[in-house]
2 protein chains.
Amino acid sequence: MSTSNRPAYHHGALRPALIAAARALLDEGGPDAVGLREAARRVGVSPTATYRHFEDKEALLAALALDGFREFGAALAAAERAPEPLSAMGEAYVDFALAKPGMFRLMFSPLLSARHDDEALQAAASAAFTTLARGVGAGSDAPPGAQIPAAAIAAWSLVHGLSHLILDGVLPRAEAETFKQAILGLAPGERDAHGQRRADMAEEPR
Amino acid sequence: MSTSNRPAYHHGALRPALIAAARALLDEGGPDAVGLREAARRVGVSPTATYRHFEDKEALLAALALDGFREFGAALAAAERAPEPLSAMGEAYVDFALAKPGMFRLMFSPLLSARHDDEALQAAASAAFTTLARGVGAGSDAPPGAQIPAAAIAAWSLVHGLSHLILDGVLPRAEAETFKQAILGLAPGERDAHGQRRADMAEEPR
DNA sequence: GCGATGATGTTATCAATGTCAACTTCGAAT
DNA sequence: ATTCGAAGTTGACATTGATAACATCATCGC
């Protein structure tokens with residue numbers, strides 16, 4: 001019991017602690033609000049201690065994004081097991097973006113897209129996207145890396161675009177639910193020339 | 001002619017010059033690459049001179065985005081006059097994003113979305129979006145500010161999402177043309193439960 | 001003409017950030 | 001027990017956005 005009163009020179013689990021602090025910053029102010037120094041400050045450690053666990057700031061962000069892609073993939077996988085996988089995954093996609101805007105933005109940030117060397121990150125991203133593609137119409141019979149079906153691209157673009165438009169404040173957040181229903185209802189249904197929406201009542205209210 | 005040999009204490013047209021320099025930075029490295037000091041450096045003026053023309057860095061970015069929204073609106077308006085406005089505007093949307101990625105990202109950056117006080121910026125953005133909404137199915141009979149039809153939201157999300165996915169390197173840039181065709185061809189057509197795409201042959205090849 | 005005046009630029013300075021180098025502390029393996 | 005490498009610390013540097021105080025110049029009332 002003599003080790004718990006002094007501030008402990010060695011933190012013991014700095015890396016996860018830094019990731020947690022950075023995650024908080026990400027949630028509070030988006031990717032730009034994540035700083036090495038601020039994260040270190042919150043953990044109560046000197047700024048340069050971070051370099052023992054992350055090559056640079058970008059590596060810290062990559063670690064965050066890795067968690068993000070895993071959570072994202074899990075959410076999509078869960079939705080895939082729903083009775084209506086297509087709309088469930090679409091909803092999960094948008095919900096994730098709205099619930100974790102900072103993370104969502106980070107995951108698709110150009111900073112990370114350039115990180116083609118980070119295998120774990122790429123793997124997690126691929127896994128999530130593969131789940132998405134599977135649930136969205138790209139049959140599992142298609143060999144990996146093959147041409148993605150047009151419908152899958154469209155469905156992906158649809159949910160991704162809506163997520164961004166709402167996140168960026170272009171479309172009002174207050175009506176997010178409405179927009180979601182409009183888009184998801186569009187997937188199994190169809191629309192006429194005047195854009196009249198056919199509401200989809202198959203979704204059980206939760 | 002005695003005024004042209006000395007470096008001229010007063011630049012004369014600093015504001016547009018700074019905007020041009022910042023625009024170059026934006027095109028080169030995206031929004032994060034735009035810096036007050038670097039812009040001033042390129043124009044050959046002291047860092048703080050910028051504050052005579054822009055309240056802060058964000059104001060400079062807002063000025064850039066203003067130009068961007070005007071160009072964007074013009075491109076959409078031009079597409080609206082095409083024989084097939086819907087797909088032409090969709091294509092114009094994606095093309096703009098791919099041709100001016102930095103600007104596109106800036107225009108939808110959360111930094112600027114928070115600028116609700118900047119009237120010129122909001123006006124230019126609204127103008128562009130109104131053009132888009134008009135061409136995309138929201139009849140001009142709808143009162144401004146009214147409910148946006150679901151189909152319009154969907155079409156917007158579609159092109160916006162595809163733009164982002166390609167821009168962020170998630171979808172390969174090399175196949176951008178293919179993706180564009182897939183999505184634009186999908187707009188007037190429909191697809192069955194298995195995501196089988198019905199290629200739309202109505203589009204004339206250009 | 002001409003001197004005050006306000007707009008435009010400049011220099012000096014700050015606080016904050018990412019990053020590097022050199023030193024310190026401490027747990028573990030020999 | 002001694003050593004050795006991993007984990008943290010202090011100190012410093014360059015860069016950036018921003019403020020304050022000073023310099024320059026063009027223009028307007030006289």
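Numbers restart at 1 for each chain; the letters A, B, ... are given by sequence-line order, proteins then strands.
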Enquirer: Do the charged groups of B:E55 and B:R115 touch, with an N to O distance under 4.0 Å?
Expert: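 No, this pair does not count.
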Enquirer: Could you state the interatomic distance from CG (A:L106) to CZ (A:F108), rounded to the nearest 0.5 Å?
Expert: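 A:L106 CG to A:F108 CZ: 10.5 Å, rounded to 0.5 Å.
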Enquirer: Of the listed nucleotides (C:dT19, D:dT16, D:dA21), which one gets closest to any side-chain atom of B:R52?
Expert: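 The listed nucleotide nearest to B:R52's side chain is D:dA21.
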Enquirer: So, are A:D168 and A:R105 salt-bridged, with charged N and O less than 4.0 Å apart?
Expert: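 Looking at A:R105 together with A:D168, the answer is yes, because their closest N to O distance falls below 4.0 Å.
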Enquirer: Respond yes when some side-chain nitrogen or oxygen of B:H53 is under 4.0 Å from OP1 or OP2 of C:dG9, and no when none is.
Expert: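 Yes, within the criterion.
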Enquirer: Pick the nucleotide of DNA chain C nearest each of A:E38 and A:E55; which residue has the one closer to the 5' end?
Expert: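 Going by which nucleotide is closer to the 5' end, it is A:E38.
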Enquirer: A:K57 NZ to C:dC20 P: how many Å, rounded?
Expert: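 Whole-Å distance recorded here is 14 Å.
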Enquirer: Do B:P101 and B:R173 touch side chain to side chain, with heavy atoms closer than 4.5 Å?
Expert: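 In contact.
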Enquirer: Kindly give the atom pairs (protein nitrogen or oxygen, nucleotide nitrogen or oxygen) under 3.5 Å for nucleotides 10-13 of chain D.
Expert:
residue, atom, partner, partner atom, Å
D:dT10, O4, A:T48, OG1, 2.7

Enquirer: Applying a 4.0 Å non-hydrogen cut-off, can you work out what B:R15 is touching in the nucleic acid: base, sugar-phosphate, or nothing?
Expert: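 Contact class for B:R15: none.
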Enquirer: To the nearest 0.5 Å, what is the distance between CH2 on A:W156 and CE on A:M89?
Expert: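 Reported value, rounded in 0.5 Å steps: 11.0 Å.
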Enquirer: Tell me the interatomic distance from A:R41, atom CZ, to D:dT9, atom C1', rounded to whole angstroms.
Expert: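 Spelled out: CZ on A:R41 to C1' on D:dT9 is 16 Å.
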Enquirer: Less than 3.5 Å apart, which donor and acceptor atoms pair up between the side chains of residues 30-40 of chain A and the rest of the protein, not counting sequence neighbours?
Expert:
residue, atom, partner, partner atom, Å
A:E38, OE1, A:R41, NH1, 2.4
A:E38, OE2, A:R42, NE, 3.2

